[in-house]
Structures are given as structure tokens and as C-alpha cells.
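Let me begin by presenting the structure, written as C-alpha cells, before commenting on it.
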Amino acid sequence: MHDWNKLERIRLEKMRALQENGADPFPSSVTRTHSTAQAVQAFENAAEAETVQAVVVGRIRSIREMGKVIFAHLEDGEGKLQLFFRQNDLGDEAMARFSEHFDLGDFIEASGHMFRTRTGEVTLHVEQFRMIAKAIRPLPAAKEEEVDGERVVHSAFSDPEARYRERYADLAVNPEVRQIFEKRAALLRALRTFFDQRGFLEVETPILQPIYGGAAARPFVTHHNQLHQDLYLRVSFELYLKRLIVGGVEAVYEIGRDFRNEGVSFKHNPEFTMLEYYQAYADYTDVMDTTEELIAFVARELNGTTTITYGGEQIELAPPWKRMSLREALIESAGIDIDVHRDASSLHAAMRALDIEANPDASRGKLIDSLIGGTLEPTLIQPTIIYDYPRDISPLAKSRADDPDTVERFEAFIGGMEICNAFSEINSPLEQEQRFLEMGRAYDVGDEERHPMDEDYLRALSYGMPPTGGFGMGIDRLTMLFTDQTTIREVILFPHLRSRERDGADQEES
RNA sequence: GCGCCGUUAGCUCAAUUGGCAGAGCAGGGGCCUUUUAAGCCCAAGGUUACAGGUUCGAUUCCUGUACGGCGCACCA
């Protein structure tokens with residue numbers, strides 16, 4: 001494995017000493033009559049004279065040796081329980097066995113009876129105990145105390161890199177980390193409940209795709225050996241879900257992983273979880289309504305209220321949300337009327353005149369996009385729907401009948417973050433082919449970010465697709481919102497980090 | 001990809017203008033029969049991320065590499 005350090009060698013010695021005494025430090029079967037919480041509950045419920053016996057299992061999180069008695073805390077998935085060892089009751093041999101061979105972090109099985117200490121803590125008076133899993137490596141040291149009912153942690157395991165690389169240790173010593181992922185699970189459950197109750201069909205579509213599409217993003221490429229075929233990890237599910245709409249599935253959703261071969265940041269991970277839904281006979285205004293209901297529903301399921309706090313700001317998620325056209329919003333936030341600037345050079349000049357950074361090579365749509373990100377997005381703390389986007393950055397969204405350069409698309413923002421992207425879907429195969437061609441021209445040949453022409457998708461549309469509204473939402477960012485986290489790494493169990501280079505050839509696997 | 005900052009004991013952190021690298025916790029040896037960040041005494045613990053350079057002398061100054069954090073760019 002690796003060279004054990006001094007602390008680990010001492011623990012290995014303790015493990016061997018147990019083995020020499022005939023004990024298995026890693027038995028496969030254990031007894032458990034009560035969780036920690038159940039043991040406390042059973043004692044509280046019992047009559048005064050009644051003895052409550054319990055066998056509990058868990059990890060030793062603290063040890064206080066006081067000569068002929070020892071206090072320790074055992075932690076399981078539900079909480080902590082204090083253990084009390086008394087030499088008079090256990091005998092010299094058992095007492096020595098504990099103090100000499102058991103360390104912080106070890107898993108222990110302890111049986112005894114419940115009682116209340118002088119200071120009032122419900123405690124297990126240990127009669128028998130044994131090792132059920134020895135921890136060779138010490139957990140990151142952290143101590144905690146209660147001050148006015150608040151948990152105060154000292155010397156917490158807090159280095160972000162170490163926490164993400166060793167999430168197991170992070171979870172073992174930082175209980176609030178597990179709460180984030182419990183909330184994430186509850187959020188996913190709430191999303192499914194919402195759509196299931198409305199008759200949506202949950203589906204799974206291919207992750208390995210022969211042609212990627214549905215988003216302007218660089219894909220990961222892989223290869224199928226037997227078929228001699230390059231495949232792409234999906235950047236979106238969009239085109240597959242709309243094929244299902246063609247097939248008569250009128251309401252459909254998928255929750256799954258997307259992969260984008262792009263930068264890593266506090267709000268970007270190369271693989272991230274996405275929710276997309278499509279609904280026949282809905283347009284983007286219907287999707288706006290559903291979006292408001294969805295987020296409010298999730299908030300109530302998670303917290304019992306539609307008010308949340310994010311980054312110190314109180315946010316009210318109950319409908320109706322503020323709705324503004326993108327044009328109005330940019331006039332307000334940037335002081336630029338995009339209708340006045342109908343081409344890239346005019347818009348670029350307007351931005352420069354206001355001292356807003358602008359890439360001279362960018363298209364009009366990309367400039368508008370950067371205006372959104374730079375001037376608008378950070379101001380949208382309360383939920384806001386921004387609608388009617390420029391056509392050239394929306395290759396799958398249907399144009400407005402009254403303005404072909406503007407599409408029926410909206411994005412919702414909460415807490416200064418883009419939460420979702422939605423539109424009335426293009427359902428004319430001719431229009432869609434035209435858009436693919438426009439996108440193809442906008443990028444150099446071979447540019448992986450361009451939308452490749454998906455002939456099979458056009459074939460599907462040519463069978464006829466009803467008017468359809470579609471919606472995509474990043475689940476990681478939604479989790480950030482509901483757990484008040486400012487980095488995506490805190491809501492992904494194993495966020496992507498660069499691999500540690502192993503220095504020196506002597507470390508090679510043997 | 002670019003910029004700024006960081007990396008010191010198992011964990012959390014110190015170290016004055018360059019002068020023997022320290023503390024708390026954890027760990028080891030003692031004392032202590034109701035403690036809870038238990039307490040008290042003793043001893044130990046380090047290739048200061050890595051590789052070079054400047055210097056009598058480098059944790060400290062310089063260069064490079066690795067990894068991370070933050071910001072920018074890209075994007076969801």
C-alpha cells in the first residue's frame with residue numbers, strides 16, 4: 001500500500017496485539033439492537049425502575065480517560081452516544097484492553113445498560129465491547145464543544161483540496177457535509193415527484209452518442225473498438241428527448257449527467273447533473289409558469305417554505321416572479337438597447353463607449369451573452385425570468401412570429417445565477433436545417449463547439465413534431481442555491497480535481 | 001488557457017529586516033472512579049510541496065515544476 005507513518009504503525013501494533021489475543025479486528029458479523037438515537041429514546045421512554053439494555057455499534061469519536069473510568073463517544077449514522085467504562089464493573093483486563101488497543105476512529109460494538117450521568121447525559125454503561133473495525137489511519141483531528149447550544153468546531157478539517165480528495169474523511173468528521181448531500185437527494189426526489197404527479201414519463205437516453213448536440217459545448221470523445229467508431233459523451237439530452245415527442249410521448253423528462261470538455265470553476269464541473277423536460281402543446285410562456293411552480297414546489301418539499309437565504313440574501317421563490325424581456329433588462333442593467341444595435345460592430349461600439357469589455361471578434365449574440373453575464377446576471381438576486389433572446393445564439397429555439405431575429409426563449413435567474421434555459425422548440429425540419437447550417441457557418445470547420453448537422457434528428461422532425469416547450473436546468477447549481485453554497489464542489493461528492501502526480505519511480509505499484 | 005495568492009508535524013495554524021522551525025489538538029509514557037474542547041506532569045514528533053539559484057547562512061529572496069484557492073476567459 002504505502003509506507004505507514006509513525007501514528008499508523010502504532011495503530012497496526014494495537015491491531016496485531018488484538019489478533020494475538022484471539023480477537024478479529026475486522027469481524028464480518030455484528031450485533032446491533034439500537035441505533036444511538038434509539039438507545040437514548042428507549043431510555044427516555046422507559047419506566048424509572050426499568051433497565052434498558054442495548055447493543056450499539058459505531059465509530060469512536062472521543063475518549064476521555066480518567067484513571068479507573070473512561071468516557072467515550074460513539075457515533076453512528078444518526079448521532080452520538082456516550083459510552084461509560086468503569087473498572088469496577090469491567091475488570092482490569094477489559095479496562096486495559098480498551099485503553100491500550102482502542103483509538104479514535106475505530107469501530108466498536110458495545111453492549112450494556114443505559115443510565116444518566118451526573119451531568120445529565122444519557123449514556124451507555126458498557127458491560128461488554130469488542131473491536132469491529134480498526135482504523136489504521138487517524139481521522140483528521142477535530143474537536144467540538146457546545147456553546148449556548150451551538151456546535152463549535154476546533155481545528156476543523158477544512159483544507160478544501162484535502163476535503164475533496166478524501167471526501168470519505170470529510171464526511172466522517174464534518175457532519176454538515178452529509179447534510180448537503182441529504183438535501184441534494186431530497187431535491188432530486190422532489191423534482192421527480194413534481195413531474196411524475198403531472199404525468200411526465202421519466203426516461204433514460206444515450207450518454208454515448210454518435211453525434212453530440214443540444215448545446216454549444218465541446219464534447220469528450222471516446223471510441224468503440226469493435227465498431228471502429230468515435231463516440232461522444234453527451235453535452236445535452238435535448239435532441240433525444242424531442243425525438244420522443246415526435247414518437248407521441250407528450251410529456252417527458254430526464255435527470256442525468258452531461259459532460260462538457262471545458263473549464264473547471266466554482267460553477268463548472270466537467271460532468272454535471274441536468275434536468276430537461278419537454279411538453280407537447282406548450283410554448284415558452286407555459287414553461288415559464290411551470291418553472292415557477294416547480295421551484296416553489298421543490299422549496300416547500302425541502303424546507304416547508306418558499307423563502308430561502310442565499311449568500312446572506314433573503315430570496316422569495318413563490319410565484320409570480322419578475323419577468324422582463326432581455327431588451328428591457330439590458331437597457332436597465334447596461335444602458336444599452338439591443339434593438340438599436342442590430343449588428344455586432346454597432347453593439348461592440350456601444351459597449352466600448354460604456355467601458356464594457358467586449359471581444360471585437362464576437363458575434364452580436366455572443367456580445368449580448370457577455371452583456372448578460374457581466375452586467376445583468378449578478379443583479380438578478382430575486383427570481384427573474386428574462387425572455388426573448390437573439391436568434392444566433394439559440395439554434396434550437398423558435399423565432400417570434402413578429403421578429404425573426406428574436407426567439408421564444410427565456411432564462412431564469414436566482415441569487416445571481418442562471419438556473420434554467422427554456423424555449424419554444426423549433427418543430428419545422430426546414431427551419432431546423434437552416435439553423436444548423438447557420439451555426440455551421442458561424443464556426444470554423446472542425447470547431448467542436450459548433451452544432452454538427454444531425455440528419456437523423458431532422459428526419460425525426462420531418463415526421464412531424466407538435467408545438468413543444470422545452471426546459472433545461474442544472475441540478476448542481478440548484479443544490480447550491482438550496483444549501484447556500486458558493487462553489488459547485490461542495491454539492492458534488494467527488495468533484496473533478498487534477499490527478500496528483502506521483503513523484504519518484506519508487507512509488508510504482510508492485 | 002491567463003493573472004493574483006497559497007503549500008510549514010497526522011489536523012488547525014505561528015515563525016520579526018535572511019540567523020538553531022514553534023504552539024494547540026491527535027499520538028507515546030505517567031497521575032486521576034461521572035467526564036465531555038476533561039485536567040495535570042514528562043518525553044517525542046519536520047527533506048518547511050518538489051527541483052534549482054543567490055548567500056557565510058534560505059520557511060523567508062529569485063527561477064522553474066506540481067497541486068490548490070480566488071478572479072478572468074469558456075460555459076450550465
Side-chain angles (χ1 to χ4, degrees), chain A residues 4-11 13-14 61-73 80 82-90 95 100 103-105 115-121 123 125 136-147 151-166 169 173 214-218 235-236 258-276 357 359 362 366 369-370 373-374 377 393 411 417-421 449 472-478 480 486-489 497-504:
Chain A
W4 301 103
N5 69 30
K6 268 154 273 170
L7 298 176
E8 291 160 349
R9 282 198 294 269
I10 288 165
R11 285 169 175 246
E13 273 316 305
K14 294 177 177 180
R61 290 306 310 278
S62 65
I63 300 175
R64 293 175 294 284
E65 287 207 46
M66 315 201 44
K68 305 285 190 293
V69 296
I70 300 171
F71 289 93
H73 270 102
K80 287 183 183 170
Q82 183 166 255
L83 305 180
F84 178 63
F85 301 78
R86 189 154 170 263
Q87 190 152 347
N88 286 10
D89 305 317
L90 280 165
M95 203 67 178
E100 286 172 20
D103 290 299
L104 295 181
F115 77 112
R116 196 184 295 274
T117 64
R118 248 176 233 171
T119 54
E121 181 164 349
T123 299
H125 192 130
I136 308 301
R137 193 179 172 88
L139 284 170
K143 289 211 156 194
E144 54 188 63
E145 63 176 325
E146 280 207 2
V147 179
R151 202 172 129 264
V152 179
V153 181
H154 302 272
S155 307
F157 181 49
S158 59
D159 177 58
E161 181 183 358
R163 286 182 48 235
Y164 303 144
R165 286 194 193 280
E166 301 196 14
V173 301
R218 294 174 64 187
V235 298
S236 127
D258 277 343
F259 306 84
R260 298 192 183 173
N261 206 336
E262 281 159 1
V264 176
S265 81
F266 72 98
K267 49 173 152 169
H268 299 268
N269 196 60
E271 53 182 295
F272 63 100
T273 301
M274 188 80 166
L275 160 72
E276 289 191 26
E357 214 175 308
N359 177 357
K366 290 246 173 188
D369 222 21
S370 74
E377 187 170 9
I393 51 170
E411 294 183 316
M417 279 193 297
E418 184 197 326
I419 289 299
C420 70
N421 179 25
E449 247 180 72
M473 178 167 72
I475 300 305
D476 309 285
R477 289 188 187 172
L478 195 67
M480 288 167 66
T486 54
T487 161
I488 199 167
R489 296 182 197 94
L497 298 178
R498 204 182 295 259
S499 299
R500 261 275 155 70
E501 191 180 86
R502 309 181 96 199
D503 37 359

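As a basis for the values below, the full set of heavy atoms in this structure was taken, side chains included, without hydrogen atoms, waters or symmetry mates. A note on names: the letters A, B, ... follow the listed sequences, proteins ahead of strands, and every chain is numbered from 1.
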- Whole angstrom is fine here: how far is it from CD in Gln87(A) over to C1' in C32(B)? 12 Å

- Query: What residues, two or more places apart in sequence or in another chain, satisfy side-chain contact (heavy atoms from CB on, under 4.5 Å) together with Thr487(A)?
  - Reply: Tyr164(A), Phe266(A), Arg489(A), Glu490(A)

- Between G28(B) and Lys14(A), is there an OP1 or OP2 to side-chain N/O distance shorter than 4.0 Å? yes

- Message: Without decimals, in angstroms, what is the distance between His125(A) NE2 and U33(B) C1'?
- Response: 11 Å

- Out of G10(B), A26(B), G69(B), minimum distance to the side chain of Pro160(A) belongs to G69(B)

- Query: For the residue pair Glu411(A) and Asn421(A), what are the closest heavy atoms and their distance?
  - Reply: CG-OD1, 3.7 Å

- Message: Of the listed nucleotides (C74(B), C67(B), G28(B)), which one gets closest to any side-chain atom of Asp103(A)?
- Response: G28(B)

- Message: In whole Å, measure the gap between the C1' atoms of G46(B) and C13(B) for me.
- Response: 15 Å

- Item | Smallest separation among heavy atoms of Pro138(A) and Glu8(A), with atom names | CD-CG, 4.1 Å

- With a non-hydrogen cut-off below 4.0 angstrom, is Ile70(A) in contact with a base, only sugar-phosphate, or nothing? nothing

- Query: What's the CZ-C1' distance between Arg165(A) and G69(B), to the nearest Å?
  - Reply: 13 Å

- Note on the structure: Side-chain contact check for Lys68(A): nearest option of G71(B), C32(B), C67(B) is C32(B)

- Here the distance between atom P of C11(B) and atom CG of Leu139(A), to the nearest Å, is 12 Å

- Message: At 4.0 Å (heavy atoms only), tell me whether Ile419(A) reaches a base, stays on the sugar-phosphate, or touches nothing.
- Response: nothing

- What nucleic acid atoms does Asn269(A) come within less than 4.0 Å of, heavy atoms only: base, sugar-phosphate, or nothing? base

- With P as the reference atom in both, quote the distance from G39(B) to G24(B) in angstrom, rounded to an integer. 12 Å

- Query: Can you name the side-chain contact (heavy atoms from CB on, under 4.5 Å) partners of Pro270(A), sequence neighbours left out?
  - Reply: Phe220(A), Val264(A), His496(A)

- Query: With both distances kept under 3.5 Å, what pairs with U55(B), Watson-Crick or G-U wobble?
  - Reply: none

- Message: Nearest 0.5 Å, please: how far is CD in Glu161(A) from CG in Leu497(A)?
- Response: 7.0 Å

- Task: To the nearest Å, give me how far apart CG (Leu83(A)) and P (U34(B)) are.
- Result: 17 Å

- Task: Could you check whether the rings of Phe84(A) and Phe115(A) sit parallel, tilted or perpendicular, using 30° and 60° as the cut-offs?
- Result: tilted

- May I ask you to say what Phe272(A) touches in the nucleic acid, namely base, sugar-phosphate or nothing, with a heavy-atom cut-off under 4.0 Å? base

- Query: Within the structure shown, what part of the strands sits under 4.0 Å from Asp159(A) by heavy-atom distance: base, sugar-phosphate, or nothing?
  - Reply: sugar-phosphate

- With rounding to whole Å, what would you report as the distance between A37(B) and C25(B) at their P atoms? 13 Å

- Query: If we call it a pair only when both distances are under 3.5 Å in a Watson-Crick or G-U wobble match, what pairs with G22(B)?
  - Reply: C13(B)

- Task: Measure across Ser236(A) and Arg260(A) and return the closest heavy-atom pair with its distance rounded to 0.1 Å.
- Result: CB-NH2, 4.2 Å

- Query: What distance, rounded to whole Å, do you find between the two P atoms, one in U54(B) and one in C70(B)?
  - Reply: 37 Å

- Between C56(B) and G71(B), how far is it from one C1' atom to the other, in whole Å? 42 Å

- Nucleotide-resolved protein contact map, nucleotides 35-47 of chain B, B/S/- at heavy-atom distance under 4.0 Å: BBBB------SS-

- Task: Would you mind classifying the nucleic acid contact of Phe115(A) as base, sugar-phosphate or nothing, using non-hydrogen atoms under 4.0 angstrom?
- Result: base

- Message: Can you give me the closest heavy-atom contact between Thr117(A) and Thr123(A), atom names plus distance?
- Response: CG2-OG1, 3.3 Å

- Query: Would you say a side-chain N or O of Arg137(A) is under 4.0 Å from OP1 or OP2 of G10(B)?
  - Reply: no

- Message: For the CD atom of Glu271(A) and the CG atom of Asp476(A), what is their distance to the nearest 0.5 Å?
- Response: 9.5 Å

- Query: In the strands shown, is G71(B) matched to any nucleotide by a Watson-Crick or G-U wobble pair with both distances under 3.5 Å, and which?
  - Reply: C2(B)

- Pairwise C1' distance for G28(B) and U55(B), with rounding to whole Å: 40 Å

- Item | Rounded C1' spacing from C32(B) to A38(B) in Å | 11 Å

- How is Arg116(A) classified with respect to the nucleic acid when contacts are heavy atoms under 4.0 Å: base, sugar-phosphate, or nothing? nothing

- Interatomic distance, Leu7(A) CG vs G29(B) P [rounded to whole Å]: 13 Å

- Query: Which is true for Ser236(A) with a 4.0 Å heavy-atom rule: it touches a base, it touches only sugar-phosphate, or it touches nothing?
  - Reply: nothing

- Which part of the nucleic acid does Phe266(A) contact within heavy-atom distance under 4.0 Å: base, sugar-phosphate only, or nothing? sugar-phosphate

- Message: If I take atom CD in residue Glu8(A) and atom P in nucleotide G10(B), what distance separates them, rounded to the nearest angstrom?
- Response: 10 Å

- Distance from Ile393(A) atom CD1 to Lys366(A) atom NZ, nearest 0.5 Å? 8.5 Å

- Please state how far atom CD in Glu411(A) lies from atom C1' in A76(B), giving the value in whole angstrom units. 9 Å

- Query: With both distances under 3.5 angstrom, what nucleotide forms a Watson-Crick or G-U wobble pair with C50(B)?
  - Reply: G64(B)

- Task: Write down the distance separating the P atoms in G30(B) and G68(B), rounded off to the nearest Å.
- Result: 44 Å

- Which is true for Ala156(A) with a 4.0 Å heavy-atom rule: it touches a base, it touches only sugar-phosphate, or it touches nothing? sugar-phosphate

